[in-house]
Novice: 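A single structure is presented below for examination.
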Protein chains: 2
Amino acid sequence: MNEKKAPRGRPRVRLSDVAAAAGVHASTVSRVLRPGADGRVSGEVAEKIRSMAQKMGYRPNSLASGLRTNSTRSIGLIIHDMNDPVYPPILSGIEAQLAPQEFVVLVGNTGYDLKSELELVDRMAAQMVDGLFLATTRLDDPVVRRCRDYAIPVVSVLRFSEDDFTPAVINDCYGGMRDLVQHAIALGHRDLAHIGAPQTLSTARERLHGYRDALAEAGFAMRNDRLTFVTRMTVEGGEQATRRLLAEAESPPSVLICVNDLVALGALRACRDVGLRVPEDISITGYNNIPLVGMIDPPLTTVKMDLDRIGRTAGAVMLDLLLGKSDPPSAKAAQRIRRIASTQIPRASLAPARTG
Amino acid sequence: MNEKKAPRGRPRVRLSDVAAAAGVHASTVSRVLRPGADGRVSGEVAEKIRSMAQKMGYRPNSLASGLRTNSTRSIGLIIHDMNDPVYPPILSGIEAQLAPQEFVVLVGNTGYDLKSELELVDRMAAQMVDGLFLATTRLDDPVVRRCRDYAIPVVSVLRFSEDDFTPAVINDCYGGMRDLVQHAIALGHRDLAHIGAPQTLSTARERLHGYRDALAEAGFAMRNDRLTFVTRMTVEGGEQATRRLLAEAESPPSVLICVNDLVALGALRACRDVGLRVPEDISITGYNNIPLVGMIDPPLTTVKMDLDRIGRTAGAVMLDLLLGKSDPPSAKAAQRIRRIASTQIPRASLAPARTG
DNA sequence: TTGTAGGCGTTATCAG
DNA sequence: CTGATAACGCCTACAA
């Protein structure tokens, strides 16, 4: 007595039901309930319709309206892995910005796999998202190209792509890293090393450049034996890279500038394993200020990105794009990439260099 | 020369376009491209259609099909705050389970606000989600009732609601806490205290019950001055509650059993502030094993939930519900709530009791 | 095995 | 100011 397709409860109230109950035509109801409608409606009728809709519990079907208007009020967010603590604040920021406009966010984790990344774009395209936030952007990115093929508006977050049209909101990794390294040098460090990440990512590249330039300004060369790269920015990756670097060098550097916090934690572990004390024997720095890195032993010196603000800004850029309040992005290349400043977080893992 | 509504690129290929190109009717194409179609199609025609669709880059419009079939292949996930590290693994687990079925997940953060929680449900209902995962469930929950009004299938995650119909997949908080407390008692602790959370949450209640029963089994009473509650499970909340508990007691307890890790971190801070050493003067335990709690000083003894498995199981339950492979949930009340076992993570913050 | 017709709920356009 | 009509892209009886 209970059909599978029709659970309990009366069927959903439609626009036409409200119209019938109010004694008007459906199109009139549509005009009343949709703010941006063209034709005006008499206050009396409008009032009646509104109260009737309320009473009947009418809720618009955005599927149907989306079919007609070509807009679903939904936006996709593609990230590698929500377990990486940089992403949640970005999601919050984006949501905070979009929710007032009644947008909804669709989240997809790629698991660092390009194939599923492309599949996700397809799935989201099928869902007819109005736009897409990509936090996975490479400097040269097939995913970005596919979105362009599909004519889906894209805002790149945290990373940027090297083209002339994809707007991006990123942390100022270059400046953040440069400041950090200058600080380390000011503390007396002369023998620095960097554990970087693949240069296909804008963040990794910018950080390396910041490191390089800070060194150059101080008159230091960037030595090859003081530079290594992880393949993935994880604790394990950092551990392996550090082990490699320490094994190949005659003596350890006085400070390890790591591309991010997870890598720094791996570095910390690797240093301990070979008997180096942190920060007495070697200093370590990270980047991101992920939760709890201030409570580990020793508290990690790092750089804090304003992720919430990056998310909000990205949301605002997207709204601009969709609601067409601005010219096409390519028209103002100067503003295509917005850099959000970061903050130094000095802690005990970076200590003054030993003199001796 | 570039209309705002039609960016670059040709318009999207429709089913009928493929049909025209293949020289057949749209309905035939639909039958070929949809696996579960009724009428069969000759292999020859099917092959031609498939290759044509491929060549033309046809991508189905799930808005249109959803309007027809009453299914959007999208599912909502409502959580309080993605920044709480328990949620990301759940999202991953859910996604891993649903992605192969071409479902997509819509995420909403409530910010711990009931009003936005209800708004989120409305917005997701408007998006015509096929189902909803609620990780915000209270024992008696207006949100659950609203979903029922709307006839939206719900699977509760991490928490359960006290009704006879909402399926839930949760961590076995009762067993996990009971084991932990038994362990503390085995280490010689006699004067235990608990920092709990509001009893409107099933997790908080189950943990308190586990604590109580472990005490009872050992023949200890649950003293009121050794029990306090946070209003929110945050570091700040834990710090305040601990400060209160310590201030009101004549002497500190020998171990603080905290409702979760964040609260435990707050407790740690509060203990340090009043000059107590951990674990020499007082032991502390958490729950959740959030990232890095094993690297802080001292490493936190805690209980690890299998969040990924909880997410996957919830996904499976949802698929069951939607694809109707099982009876309505109420029919098998025994299986309505699935408990996923947790694992003890012993670390240095829980030390043997001082003798004397 | 394939085509035809009608409709899912909404909105845009045109009349009145 | 309001009503009628068609269309958005797809699916599904039913007919051929």
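First the proteins, then the strands, lettered A, B, ... as listed; each starts at 1.
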Novice: How many Å lie between CZ on R59(B) and C1' on dC10(D), as a whole number?
Specialist: 16 Å

Novice: Would you kindly give the CZ-to-C1' distance between R14(A) and dT10(C), to the nearest whole Å?
Specialist: 12 Å

Novice: For Y87(A) and D81(A), does a side-chain donor sit closer than 3.5 Å to a side-chain acceptor?
Specialist: no

Novice: When L158(A) is tested against each of I90(A), V169(A), T136(A) for side-chain contact (heavy atoms from CB on, under 4.5 Å), which residue passes?
Specialist: I90(A)

Novice: Closer to the 5' end of DNA chain C via nearest nucleotide, is it A64(B) or V24(B)?
Specialist: V24(B)

Novice: dT2(D) phosphate, OP1 or OP2: any side-chain N/O from T28(A) under 4.0 angstrom?
Specialist: no

Novice: Identify which nucleotide among dT2(C), dT2(D), dT10(C) has an atom closest to any side-chain atom of R31(A), counting heavy atoms from C-beta outward.
Specialist: dT2(D)

Novice: Mapping L63(B) and A26(A) onto DNA chain D by nearest heavy atom, which one lands closer to the 5' end?
Specialist: A26(A)

Novice: Think S27(B) has a side-chain N or O under 4.0 angstrom from the OP1 or OP2 of dC11(D)?
Specialist: no

Novice: Would you tell me if any nitrogen or oxygen in the side chain of R34(A) comes within less than 4.0 Å of OP1 or OP2 on dT11(C)?
Specialist: yes

Novice: Find the distance M128(A):CE to dG9(D):C1' and express it as a whole number of Å.
Specialist: 9 Å

Novice: Rounded to the nearest angstrom, tell me the gap between atom CG in D17(B) and atom P in dC8(D).
Specialist: 11 Å

Novice: Salt bridge between R145(A) and D149(A), side-chain N to carboxylate O under 4.0 Å?
Specialist: no

Novice: Strictly distance-based, threshold 3.5 Å: is any side-chain N or O of R336(B) a donor or acceptor partner for the main-chain N or O of D163(B)?
Specialist: yes

Novice: Using atom NZ of K48(A) as one end and atom P of dT2(D) as the other, report the distance to the nearest whole Å.
Specialist: 12 Å

Novice: Taking the side chain of S30(A) as its heavy atoms from C-beta onward, which of dT11(C), dG9(C), dG3(C) lies nearest to it?
Specialist: dT11(C)

Novice: Taking all heavy atoms of H80(A) and all of R159(A), pick out the closest pair and write down the distance.
Specialist: CD2-NH1, 3.5 Å

Novice: Let me know the distance between CG of N61(B) and P of dC11(D), rounded to the nearest Å.
Specialist: 9 Å

Novice: Just the rounded figure in Å: distance from C1' of dT11(C) to CG of L33(A).
Specialist: 13 Å

Novice: Using only heavy-atom distances, decide whether a donor-acceptor pair under 3.5 angstrom links the side-chain of R68(A) to the base of dT11(C).
Specialist: yes

Novice: Could you tell me whether L15(A) contacts a base, only the sugar-phosphate backbone, or nothing, with contacts defined as non-hydrogen atoms closer than 4.0 Å?
Specialist: base

Novice: Is any side-chain N or O of Y58(B) closer than 4.0 Å to OP1 or OP2 of dC10(D)?
Specialist: yes

Novice: H25(B) NE2 to dC10(D) P: how many Å, rounded?
Specialist: 13 Å

